[in-house]
Amino acid sequence: MAVWYCNYGNGTSTGYYAVAQWAALTSYSIGDLRRQLAAPSVGSERVFRCTTAGTSLASEPSWNLTKGATTTEAAGPVWTEVTGNSTYGWTAPHARLQSAASSGWPAAGDTVYLSNNHAETQSAAMTITSVGTAANPLSIICVNDGATPPTARATTATVSTTGASTITTGGMTYCYGVSFSAGSGSSTASWVGGGSWFLKNSNITLNNTSASSIITASTGNAFAYYSNVVLAFGAVGQSLAINSTFIWRDTANAIGGTVPTTLFTGGITGTCFISGVDLSAAGSGKTLFGAYFVPQIFYLCNCKLGASVVISATQSNIGAIVEVINCDSADTNYRYAKQTFAGAVVQETTIVRSSGSSDGTTPISYKFATSANSKHYFPLYGPWINFWNDTTGSSITVKAEVVTDNVTLTDAEAWIEVEADLNGSFPISTTTTDQVADPIFGTPANQTTSAVTWTTTGLTTPVKQTLSVSITPQEKGPIRARVVLAKPSTTMYSDLLVRP
Amino acid sequence: MIVSSKIIEDAPQKDGRRWITERHTRDDGTYQDVTYMAESTDAVGDMLLIRAAQIEAEDSRIANLPPEEKTYTQSEVLAKVEKIFGKDGKALFAPELAQAADAAQAAEIE
C-alpha cells in the first residue's frame, strides 16, 4: 500500500507553498521541483519534477495535471507530475486533502500523511471523497512532519471552509488527528458525513452562527464511528443528526462552542450508540434527544450528563426509541431512562420496595409512565433484567413486585416476560408470560395482590401486586426478564429483583 | 402558541434531586410534557418559563419551514396522501387523475 503526503502549510510560504514556483527563462536541472506560477484553481495544485534538463520558455506551460503525466517545454525541460509522491515526501506534498484522498492519486488501502502544520482552507464547498472501500479503507493520518517517513502521530492538522461552504465526506476512511471546520459568519455551512468515516482524535466544528447549519454524522448508507471527537457548534439552533448508523465513544468535553438547545434532532432514520462521552456541557435548559418523527434508535451508555438536562423529548411516533443506561451528572451507577411512543421508564429512589433492589446503598425501582399510545401489542417495556440460572429440570418462579396509586392492574394491562432456554438444545429462548392468554377475546384477571412492603411516599392509595411466571429451564445459563405495562396513561413502579 | 405552562409532577428522590414534569399547553389544546431530573437547588419555576419560550420558538420555526423541509407525523402524511391521491388511491393508477395529483402536489410544495 502506497503512502502520500499532504501539507497545505500556512497557505503562503510553508508546506506545498514552500515549493518554488516555476519561473520563465530559467535553467532547470533534473530533480528540480516546481509548482505552478499562475495560481491554480482549487484542487489543481501540483508539484512537477524536472526529468529532462533545460531552460524554460518565456511563458508558463499548460501543465498536464494528471498523476505521473509529463509536460514538455519545447526544446526545454520536461516536467513530470509528482504531487504527494512518497519518493519526494514533504518536499512535494499535495496542498489539499480532497485532492490527496481522491481518485487519481491514492488507491484503496493507501495512506495519506497529513502534516501537523496542515492548515487548509477554502471559500467554496468542500467534498472529500476518498478512494477507500470497505475492504480497503483509505487512512488519513496527521503526523509530525519532522521526519520522512513520519514516525509520530499528531493532532494539529486543520481543514476548514469559510462562508456558506459545507464539508461533505465520502468513501471508507480512517481519519486521525484532524480538526474540520465548516463555514464562517452567519452563512449556513454544515458537515455532511457521507461514506463511512472512522474519526479518531479529531474535531468537527460548525464555525458559523446559522441556525440551519447541522452536523449530519452519517448519511446515506454510511456508518460513522467517532472516537474522541469533539463536536462544536456556533448557535443554539444548530444540532447533530444521523441518517444511518452512528457510534460515538470515549470523548471528554464532547460538546464544544455554543451548546445547542436540542443536541440530536432532524435526521431521517438510523441507530446511534454513544458510550464514554462527556455530554455535561448540555445542562439546564437543554435537551439531548429531540422528538423524532421517523424510526430512530438511540442508546446512551456510561456517559456524563449535564445537571438538569432533559434527556429526551416525548417521542410521538412509533419506532423512535431513546434508552439511557448509567448516565448521570452525579456520581451514581443506577440512572436509567427510556422514552418511546408508548411512554417512559426512569429510575426511582423514593418509591421503592423494602429490601428490594438496590445498588448496595440506594434502593432503586423503575417508574413506568405510559402514554395514551400504550397498547397490548405496543406496550411500554421495562429494561431487560438478566440473571444466571443453575436450576435444570425443575420449576423456578420469576416474579416482579409492582405498585400503583389506586390502579389494580389486570393481566391484560401489566405482565412479566421471561426469556429462557426451555428446550434443552439450541440456544433459542421461549418467552413465558403471565399476560392473559388471549388479549383480544380472553377475559382479563387481576394480577395477584401482594403483601410486600413498599415506601409509598406520595401515593394516595397504593395497590401492590405481583407479576409472576413459573418456568422449567432445561439448561443452566442466562435468563432475562422484563416488566411490561400496556395500560395507557398509567404510572406503575416495579422492583428490579426478579430472580427466584 | 403556548397558553399555559405548569409543573404537573415534582417527585423528590433520595439524593435530594427531583423528577420534574412540565406541561406546556398550546392554544389548539395539544400539549408537550417535558421531564427532567432537577437539582435540589434548581429554580424550576424559572426553568418552566424558559422552556415555554423554547417550545414556542421551535413551534414557530417548524411552522415557517417550507413544505419540502418539514417532517410530518404519520397521520399528517396519510392525510396529505389522501388529499392528493384520494382515499382509495385510484389516482395512482388513472393517468388523468395522476396528472391532477401531480398538480396538487406541486401546489402543495409551492
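Below, chains carry the letters A, B, ... as their sequence lines are ordered, and counting in each starts from 1.
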Is A/Lys375 atom NZ crowded by more than 12 heavy atoms from other residues, nucleotides or ligands, each under 6.0 Å away? yes
For chain A, which residues of residues 38-50 of chain B have heavy atoms nearer than 4.5 angstrom: B/Ala38, B/Glu39, B/Asp42, B/Met47
A/Tyr366: partners by ring pair (Phe, Tyr, Trp, His ring centres under 6.0 Å), with sequence neighbours left out: A/Tyr336
Give a yes or no on whether the backbone of B/Lys14 and the side-chain of A/Thr349 come within a donor-acceptor separation of less than 3.5 Å. yes
First locate atom CG of A/Asp328, then atom CE of B/Met37, and finally report the distance between them rounded to the nearest 0.5 Å. 7.0 Å
Nearest-0.5 Å distance, CD of residue B/Gln54 to OG1 of residue A/Thr262: 7.0 Å
Heavy-atom pairs under 4.5 Å with chain B - which of A/Thr261, A/Val346, A/Val309 has more of them than the others? A/Val346
Should we count OH of B/Tyr31 as having more than 12 external heavy atoms under 6.0 Å? no
Under the side-chain hydrogen bond (donor to acceptor under 3.5 Å, both in side chains) rule, collect the residues that match up with A/Ser186, sequence neighbours excluded. none
Under 4.5 Å heavy-atom distance to chain B, tell me which part of A/Ala330 shows up: side chain, backbone, both or neither. both
Tell me, for A/Gln339 versus chain B, whether the close heavy atoms (under 4.5 Å) come from the side chain, the backbone, both or neither. neither
At a heavy-atom separation under 4.5 Å, does B/Glu22 approach chain A through its side chain, its backbone, both, or neither? neither
Any B/Arg51 side-chain heavy atom under 4.5 Å of A/Val310 side chain: yes
For A/Lys464, does the NZ atom sit with more than 12 other heavy atoms under 6.0 Å from it, leaving out its own atoms? yes
Applying a criterion of heavy atom separation less than 4.5 Å, what residues of residues 356-364 of chain A form contacts with chain B? A/Thr361, A/Thr362, A/Pro363
N-O pairing of B/Asp15 and A/Arg335 below 4.0 Å: no
I'd like to know which of A/Ser308, A/Ala337, A/Ser329 tops the heavy-atom pair count under 4.5 Å against chain B. A/Ser308
A/Glu348 and B/Trp19 have their tightest heavy-atom pair at OE1-CD1, 4.0 Å
Flag side-chain contact, heavy atom, 4.5 Å: B/Glu58 against A/Thr287: no
Between the OG1 atom in A/Thr350 and the CZ atom in B/Arg18, the distance rounded to the nearest 0.5 Å is 12.0 Å
Given A/Lys286 and B/Tyr36, is the side-chain contact (heavy atoms from CB on, under 4.5 Å) satisfied, shown in steps? CA-CA 10 Å; A/Lys286 307 295 183 182; B/Tyr36 68 101; over 6 Å; no
